[in-house]
Amino acid sequence: MAATGSAVGLGNIWGFPTQTANNGGAAFVLMYVAFVCVLAYPALMAELVIGRHTRRNMVNALPSVAAKPLVKSIGSFAGLCGVIVSSLILAFYAIVAGWMMANILSSPASALGLPAYSSWLADFSVSRNLIFCLLFSILTASVVANGVRDGIERWSTRLMPTLILLIILLTSYVLTQEGAVRGLKVYLLPDFTHIFSPQLLISAMGQAFFSLSLGVGTMLIYGSYIREDENLPLVGALVAMADTGVALLAGLLIIPAMFVALAQGVQIYDINNALIAGPGLILQVLPLLFNSLGLAGMAIAVIFFSLMVIAALTSSISMLEVPVAFASEHFQLSRSKATWITGAIIFANSACIVFYFDFLFDAVVDITTKYSQPLLAAVLCIFAGWVLHRDRLLNEIRSGYNNVEFSWFWKIWPVYIRFVCPLLIIVLFIQSILTRLTA
Ligand code: PFF
């Protein structure tokens, strides 16, 4: 439940639908699902297996499986990069989650006759961004400070089912509204002309790694907390399926909602005649749609943005766990001290991004999610495939899955993480850099 909570987040409800809208609708959905199966699931398994085998945090886990000094150093370096990337992702994620928190209060404030507060809550400003990012960061740190069982597990178990129920309720409402069918067509009928464009491929790959929280050590840490008798391939498959299911469901909500908004007279295309994407989608189009629905719209807005905050929280706690586990194990700090110190450092980074937003926000998002996550995931696959080797892998997976050596999983997966995943990631990576350079 906690790993699913980490995977399901703003990436599913905000990132996936906007990327889909940006990249030609159903063609992106197809490639995304393909990447989850052929790349992200094997990489997720690599992280879970390394985590449970070593029972350590990201920085100490990789060198502990290596024998040669050089490989050990590469492992420590990749681990440290994971801690930094996870912290940077949290730094921008907490800002977006803060926007969602502010938007919960915006419609009620306007209904209570406080238009000035309502627009302060809804509009982009340094003060609003900073205050709500701080509130969200405190919320995240208080859960993590309470530990794995009483904090992370308890809250993920409560919040995840609530989240899925809320999405289903909202989707059923939106699909009955005028305009929804047009949105459904954009979402479900692929335009094959763009399907192999490098931009679409790199976006779909980045989105798959981001959505499954891969490369930065969250899944490795959660793997290190999994019991010996759990069936790892099954746990991984359930997490990947739940995550993809929620993303597909969120697409079913957001894309039709955009066309319902269009039917209400809301502008959903930008000046280039492309669907509005990025922050604009959820923070401009949807509130306008909610406003046009009167009192029911206000209730829906509150439910929707609460849903976003819930989704963000179960993910942000997993990101914070990466530096916290490292700090508490490496510097022998108490969990609570490690949490508040790393939380404060990450908030300082968020504050820098808020102050230099135009310059930093997109750059941090791109560097961490599009490039660092897939590359670090490739390193993790290489460690699982080449450094850990078949015997140790087999022993690890066998506990919890008795006859794994006779399964399809064992026939395919070891080859995958040794060759297919690292090669595919590197090829797509180089291709995307080349297209950027020539663009
Ligand atoms: N998987 C999360 C989402 O889809 O929103 C984002 C995420 C969580 C990324 C944890 C990275 C991470 F380590």
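In listed order, ligands and their atoms are each counted from 1. Note that the numbering runs from 1 along the sequence shown for the chain.
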Does ligand 1 have any atom that is closer than 4.0 Å to a heavy atom of M219?
no
Does only the side chain of Y93 get under 4.0 Å from ligand 1, or the backbone, or both, or neither? Count heavy atoms.
side chain
Just by distance, do the side chain of N129 and the backbone of F124 share a donor-acceptor pair under 3.5 Å?
no
Any N or O on S86 sitting closer than 3.5 Å to an N or O of ligand 1?
no
Tell me: protein heavy atom nearest atom 2 (C) of ligand 1, and distance?
S6 O, 3.4 Å
Only one of L200, L424, L39 clears side-chain contact (heavy atoms from CB on, under 4.5 Å) with M205; which?
L39
With respect to L212, determine whether any N or O atom, backbone or side chain, lies less than 3.5 Å from an N or O atom of ligand 1.
no
What I want to find out is whether E329 reaches R56 closely enough, with some N-O distance under 4.0 Å, to be called a salt bridge.
no
Sub-4.0 Å atoms of ligand 1 with respect to non-hydrogen atoms of N12
4 (O)
Where the side chain of S224 meets the backbone of R55, is there a donor-acceptor pair that is under 3.5 Å apart?
no
Backbone or side chain, does any N or O of V216 fall under 3.5 Å from an N or O of ligand 1?
no
Under 3.5 Å, is there a donor-acceptor pair between the side chain of R392 and the main chain of V65?
yes
Proximity of S213 to ligand 1 by residue part, where a heavy atom lies under 4.0 Å
both
Ignoring hydrogens and geometry, is there a side-chain-to-backbone donor-acceptor pair from S86 to V83 under 3.5 Å?
no
Ligand-side contact atoms (ligand 1) for residue partner Q373, heavy atom cut-off under 4.0 Å:
11 (C)
Residue of the set E230, H53, R227, E228 for which side-chain hydrogen bond (donor to acceptor under 3.5 Å, both in side chains) holds with S399
E228
What atoms of ligand 1 come closer than 4.0 angstrom to any heavy atom of S318?
10 (C)
Ligand-side contact atoms (ligand 1) for residue partner G11, heavy atom cut-off under 4.0 Å
3 (C), 4 (O), 5 (O)
Donor on one side chain, acceptor on other, S64 and T54, under 3.5 Å:
no
Tell me if a side-chain donor or acceptor on T218 pairs with a main-chain N or O of S213 at a distance below 3.5 Å.
yes
Provide, to 0.1 Å, the distance between atom 4 (O) of ligand 1 and the closest protein heavy atom, together with that atom's residue and name.
A7 O, 3.0 Å
Output yes when the distance from some N or O of ligand 1 to some N or O of V8 is under 3.5 Å, and no in every other case.
no
Which of the atoms in ligand 1, numbered in the order shown and given with their element, are less than 4.0 Å from a heavy-atom of F210?
1 (N), 2 (C), 3 (C), 4 (O), 5 (O), 6 (C), 7 (C), 9 (C)
